[in-house]
Asker: 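This is the structure, below, for whatever I ask next.
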Amino acid sequence: MVRIGVIGCGGIGVEHIKRITNTLSGGVVVAVNDINQEHAEQVIKDLGLQAKFYADGHELVHADDVDAVLVTCWGPAHKEYVLDAVNAGKYCFCEKPLATTAEDCLEIVEAEMKQGKHLVQVGFMRRFDAGYVALKKAIDAGEIGAPLMLHAAHRNPVVDDRYTTDMAINDTMIHEIDVLHWLLDDEYVSAQVVYPRKTKYASDHLADPQIVMVETKKGVRIDVEIFVNCKYGYDIKCEVVGEDGVAYLPEPATVQVRKDAALKRPILMDWKDRFIEAYDVELQAFLDNINNGTPLNGPTSWDGYAAALTADVCVKAQQKPGEILPIQLKECPEFYK
Ligand code: NAP
């Protein structure tokens, strides 16, 4: 049984605590931290946890009865807790981002390599989504031959006024940034952003939609449409064009109805519903690997670094529409291959 300490009891933190407590096997939440003590204590009470509240997250990391740390507080605080856990030789599941800068991610990479063991899994849950797993299997089996192009879309029905243009990269496309290079088993080398005609539903300070074009080392051309006020639903598309055929990300299983001279199929509205199973699978894998003594098999610290660096370049490309900017990742160490 993995004894878990959770840092950050906001939206996703509470969801993860619930799934560990009610749905998954092999883990128990024994410690909780949040900057808002009252809120954290309420969470412990509401969910009936046998967990201790720690006012100091670092004290939680070092508690003798904490085997693994779940970092689910806000992004800028991730690095200090992940680094602390790694230096203490403890397993750590960190929600994206691993850290807010590529340099900080590299610090975690260095610390993890020093421990000589994979201790960190980053919460890019799409790699555990059944649809993406099936798509990767088809590509890896050579069903469509060598991939040449990839067309993706990330559409949200609506965002509030706090959503800014750079968030389209750092909060939205960040999931495509991680999952697409994994899907293609490739690395990004450049990025370019272009802006189509703006929707009337976007706030003054938001460019929406956007198209981000990325090229990989093997020469695959990827275009990602980010459209966060598309109105009609939360819709994730991925089409891989290969030399011998085209493979598509499966649509979520929803019931199709033929009625009144129409063919209808609902589209999800909430991102939380779209990947709900993937969140379960990613955390179950984390727990199983620790309990079985097998290596972690999710996104690594290196993937966290690659995502942070790529996102930085994409944000710079947003500010220079049309310009192609290089993505210069460091050489991946053997440890992460
Ligand atoms: P949230 O609802 O704002 O929760 C963050 C929580 O952490 C809040 O309770 C916050 O307290 C607390 N907190 C902030 N700084 C802290 C610190 N230094 N130490 C301890 N607790 C701290 O945010 P969220 O939506 O849960 O997101 C949390 C992280 O998960 C983010 O990095 C986000 O990008 C990631 N996330 C990932 C996915 C995914 O699809 N994989 C989905 C959602 C979120 P206050 O509210 O008092 O500030």
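Keep in mind that the numbers below use all heavy atoms, side chains included, and drop hydrogens, waters and symmetry copies. Nothing fancy with the numbering, it's 1 onward along the sequence.
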Asker: Donor-acceptor pair, distance only, cut-off 3.5 Å: does the side chain of K136 make one with the backbone of W182?
Answerer: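 Checking the backbone N and O of W182 against the side chain of K136, a donor-acceptor pair under 3.5 Å is found.
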Asker: Walk me through it: do V43 and I17 pass the test side chain to side chain contact (heavy atoms under 4.5 Å, CB included)?
Answerer: CA-CA 9 Å; V43 169; I17 293 173; 4.3 Å; yes
Asker: Should R127 and D178 count as an ion pair when the cut-off is N to O under 4.0 Å?
Answerer: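 A salt bridge links R127 with D178.
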Asker: Side chain to side chain contact (heavy atoms under 4.5 Å, CB included) for I177 and V214? Distances and angles first, verdict last.
Answerer: CA-CA 9 Å; I177 289 176; V214 181; over 6 Å; no
Asker: The test is ring-ring contact (aromatic ring centres under 6.0 Å, His included); show your working for H58 and Y81 and say whether it passes.
Answerer: CA-CA 7 Å; H58 296 284; Y81 295 121; 4.8 Å; yes
Asker: If you measure from the Lys or Arg side-chain nitrogens to the Asp or Glu carboxylate oxygens, is any gap between K137 and E143 under 4.0 Å?
Answerer: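 E143 and K137: not salt-bridged.
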Asker: Do T21 and L47 have side chains that get closer than 4.5 Å, going by heavy atoms?
Answerer: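 T21 vs L47: side chains apart.
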Asker: Using the salt bridge (charged side-chain N to carboxylate O under 4.0 Å, His left out) criterion, which residues pair with D288? Sequence neighbours excluded.
Answerer: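 If we apply the salt bridge (charged side-chain N to carboxylate O under 4.0 Å, His left out) test to D288, skipping adjacent residues, there are no hits.
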Asker: Among Ile, Leu, Val, Met, Phe, Trp and Tyr joined by side-chain contacts under 4.5 Å, find the other residues sharing a cluster with I276 and list them by chain and number.
Answerer: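 Grouped by the 4.5 Å side-chain rule, I276 forms a cluster of one, so the answer is none.
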Asker: For a 4.5 angstrom cut-off between non-hydrogen side-chain atoms, does Y132 reach L249?
Answerer: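 Yes, side chains in contact.
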Asker: Tell me every residue that passes side-chain contact (heavy atoms from CB on, under 4.5 Å) with K237, counting only those two or more places apart in sequence or in another chain.
Answerer: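 Result, side-chain contact (heavy atoms from CB on, under 4.5 Å) vs K237: A153, R155, D235, E251.
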Asker: If we only count heavy atoms from C-beta on, is the I236 to H154 side-chain gap below 4.5 Å?
Answerer: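 Side chain of I236 against side chain of H154, heavy atoms only: contact under 4.5 Å found.
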Asker: Could you give the distance from OG (S190) to CZ (R221), rounded to the nearest 0.5 Å?
Answerer: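 Result: 6.0 Å between the selected atoms.
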Asker: Could you tell me which non-hydrogen atom of E282 sits nearest to which non-hydrogen atom of E95, and how far apart they are?
Answerer: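 Of all heavy-atom pairs spanning E282 and E95, the closest is OE2-OE2, 4.2 Å.
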Asker: Compare all side-chain heavy atoms of I222 with those of E176 and state whether any distance is below 4.5 angstrom.
Answerer: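 I222 vs E176: side chains apart.
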Asker: Transitively linked via ILVMFWY side-chain contacts under 4.5 Å: I144 with V241?
Answerer: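 Per the 4.5 Å side-chain linkage, I144 and V241 are not co-clustered.
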Asker: Examine K330 relative to Y305 and say whether NZ or CZ is less than 6.0 Å from the centre of the six-membered ring and inside a 45° cone about the ring axis.
Answerer: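 Checked: cation-pi criterion not met.
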Asker: Out of curiosity, does M269 fall in the hydrophobic cluster containing Y163 (side-chain heavy atoms, cut-off under 4.5 Å, transitive links)?
Answerer: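 No, separate clusters.
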Asker: Between H205 and D161, is any side-chain donor less than 3.5 angstrom from a side-chain acceptor?
Answerer: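 No, D161 and H205 have no side-chain donor paired with an acceptor closer than 3.5 Å.
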Asker: Check R3 with D65, please: is the shortest side-chain N to carboxylate O separation under 4.0 Å?
Answerer: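 Answer for the salt bridge query: no.
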Asker: Any side-chain heavy-atom pair from C94 and Q121 closer than 4.5 angstrom?
Answerer: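 The answer is no; the side chains never approach within 4.5 Å.
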Asker: Looking at Y54, does the NZ or CZ of K52 lie under 6.0 angstrom from its six-membered ring centre and within 45 degrees of the ring axis?
Answerer: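 Checked: cation-pi criterion met.
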Asker: D280 and Q284: side-chain hydrogen bond (donor to acceptor under 3.5 Å, both in side chains), yes or no, with the steps?
Answerer: CA-CA 6 Å; D280 287 349; Q284 188 63 66; over 6 Å; no
